[in-house]
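Data first, discussion second: the structure below is written as structure tokens.
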Amino acid sequence: DWSSDVCSSDLLGQINMIKKIYLDMDGVLCYFEKRWQELYNETPIASRDRKEFTANWDHFCTTGQFETLDWFPGGQDLLKFIRKYDVDVEMLTSSGGKKYHDLVANQKKVWLKKQGIAYKPNVVPGRKHKADYAKPDVILIDDTEDIITAFNEAGGIGILHKDIGETLQYLKALLSE
């Protein structure tokens, strides 16, 4: 059963009560990992375990990479699906930390504008801050498991985005009449 991994039956009882959906950008709408691999020939997670991460991160941020990321597979389908519903949608994305917060936040806003996405961009200075947005009538779609766990524990409805089909199926269950 697809729902066993991402929701519990009590959450499904909240159908039609959803007031807002927050969308992560990297790994949901934008293909951060693909660009990182193109530039540094390894995954961000592999880089993080080595000393090269800081230099690569500095380069990634200071060369405007977030402005020109490709669409993440299924990202456009997700937006098209959500637009069918009368629900408030905002972005909830991390800048990766305080050092480049303003720079990365601006780059992400440029990306959204280039794609014609007018949803409010909430850019937090680290992933731990996303749980601050959790409420019982709020959904977060994010590709990072610990972020979803923290969001759920804070009282929100987190959808761990790994497969566009599963994410859309879960959203449909939560948003349909």
Side-chain angles (χ1 to χ4, degrees), residues 6 20-80 82 88-135 138-164 166-167:
V6 291
K20 184 175 290 191
I21 298 173
Y22 287 112
L23 298 174
D24 178 33
M25 289 180 66
D26 304 310
V28 176
L29 298 182
C30 316
Y31 214 161
F32 168 80
E33 188 167 305
K34 178 183 175 191
R35 176 67 51 82
W36 188 276
Q37 286 183 293
E38 289 169 357
L39 292 172
Y40 312 116
N41 205 28
E42 63 183 359
T43 67
I45 292 170
S47 295
R48 202 169 283 146
D49 295 335
R50 299 165 8 138
K51 292 179 183 175
E52 286 83 6
F53 182 79
T54 300
N56 290 349
W57 179 250
D58 290 348
H59 175 264
F60 199 93
C61 294
T62 59
T63 57
Q65 296 299 318
F66 285 101
E67 289 183 14
T68 60
L69 295 175
D70 292 336
W71 276 94
F72 193 80
Q76 290 166 303
D77 296 329
L78 177 61
L79 283 179
K80 185 177 177 185
I82 288 172
D88 188 23
V89 179
E90 296 181 11
M91 299 295 128
L92 183 55
T93 186
S94 173
S95 64
K98 292 178 182 172
K99 183 175 181 182
Y100 294 113
H101 178 75
D102 293 339
L103 187 63
V104 170
N106 287 332
Q107 289 177 32
K108 289 186 173 205
K109 290 171 187 174
V110 167
W111 188 90
L112 290 168
K113 189 172 184 179
K114 283 182 178 177
Q115 308 308 324
I117 300 170
Y119 296 132
K120 178 183 175 187
N122 300 285
V123 185
V124 295
R127 57 207 247 175
K128 66 182 180 185
H129 299 282
K130 291 185 180 186
D132 297 342
Y133 290 76
K135 292 181 183 169
V138 172
I139 295 172
L140 169 63
I141 300 172
D142 198 292
D143 65 313
T144 306
E145 193 165 356
D146 63 287
I147 292 172
I148 292 300
T149 299
F151 196 83
N152 288 339
E153 288 172 355
I157 303 169
I159 298 177
L160 181 61
H161 180 70
K162 295 294 181 192
D163 173 83
I164 186 62
E166 286 186 9
T167 297

[X] vs [Y] side-chain heavy atoms within contact, under 4.5 Å:
X: F32; Y: L69; value: yes
X: D26; Y: K108; value: yes
X: H59; Y: Y40; value: yes
X: F151; Y: D142; value: no
X: T167; Y: V28; value: no
X: L103; Y: F66; value: no
X: N56; Y: L39; value: no
X: P44; Y: W57; value: no

Which pair of heavy atoms, one from [X] and one from [Y], lies closest together, and at what distance?
X: A154; Y: A131; value: CB-O, 3.6 Å
X: H101; Y: S95; value: ND1-OG, 2.7 Å
X: V104; Y: C61; value: CG2-SG, 3.6 Å
X: I148; Y: L140; value: CD1-O, 3.7 Å

Problem - Within 6.0 angstrom of E38 CD, more than 12 heavy atoms from elsewhere - result: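 Enclosed.
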
Residue list, salt bridge (Lys or Arg N to Asp or Glu O under 4.0 Å) with [X], at least two apart or on another chain:
X: E153; value: none
X: K109; value: none
X: K128; value: none

Nearest-0.5 Å distance that lies between atom [atom1] in [X] and atom [atom2] in [Y]:
X: K120; Y: D88; atom1: NZ; atom2: CG; value: 9.0 Å
X: D24; Y: T144; atom1: CG; atom2: OG1; value: 6.0 Å
X: K114; Y: E67; atom1: NZ; atom2: CD; value: 5.0 Å
X: Y100; Y: Q107; atom1: OH; atom2: CD; value: 10.5 Å
X: F72; Y: L78; atom1: CZ; atom2: CG; value: 11.0 Å
X: I147; Y: N152; atom1: CD1; atom2: CG; value: 12.0 Å

Problem - Residue list, side chain to side chain donor-acceptor pair (under 3.5 Å) with R35, at least two apart or on another chain - result: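 R35 satisfies side chain to side chain donor-acceptor pair (under 3.5 Å) with Q65, T68 only.
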
Exercise for the section: Report the C-alpha separation of R127 and D146 in whole Å, then their side-chain angles, then the decisive distance to 0.1 Å, and conclude whether the salt bridge (charged side-chain N to carboxylate O under 4.0 Å, His left out) test is met. Expected result: CA-CA 9 Å; R127 57 207 247 175; D146 63 287; 2.5 Å; yes

Practice task
Could you check Q115 against L29 for side chain to side chain contact (heavy atoms under 4.5 Å, CB included), going step by step and ending with a plain yes or no?
Solution key: CA-CA 10 Å; Q115 308 308 324; L29 298 182; over 6 Å; no

Problem - All side chain to side chain contact (heavy atoms under 4.5 Å, CB included) counterparts of K162, not counting sequence neighbours - result: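 Result, side chain to side chain contact (heavy atoms under 4.5 Å, CB included) vs K162: L160.
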
Problem - Residues forming a side chain to side chain contact (heavy atoms under 4.5 Å, CB included) with Q37, sequence neighbours excluded - result: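 Partners of Q37 by the side chain to side chain contact (heavy atoms under 4.5 Å, CB included) criterion, ordered by chain and then number, come out as E33, T43.
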
Problem - Chi angles and distances behind the side chain to side chain contact (heavy atoms under 4.5 Å, CB included) call for Y119, L79 - result: CA-CA 11 Å; Y119 296 132; L79 283 179; 3.8 Å; yes

Practice task
Just say parallel, tilted or perpendicular for the rings of F60 and W36, cut-offs at 30° and 60°.
Solution key: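 The rings of F60 and W36 sit tilted, inter-plane angle from 30° to 60°.
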
Exercise for the section: Could you tell me whether the side chain of S94 and the main chain of G96 form a donor-acceptor pair under 3.5 Å? Expected result: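 Confirmed, S94 side chain pairs with G96 backbone.
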
Handout entry: Candidate pair N122 and Y133, rule side chain to side chain contact (heavy atoms under 4.5 Å, CB included), full reasoning
Key = CA-CA 10 Å; N122 300 285; Y133 290 76; 4.0 Å; yes

Problem - Intermediate values then yes/no, side chain to side chain contact (heavy atoms under 4.5 Å, CB included), M25 and L112 - result: CA-CA 9 Å; M25 289 180 66; L112 290 168; 3.7 Å; yes

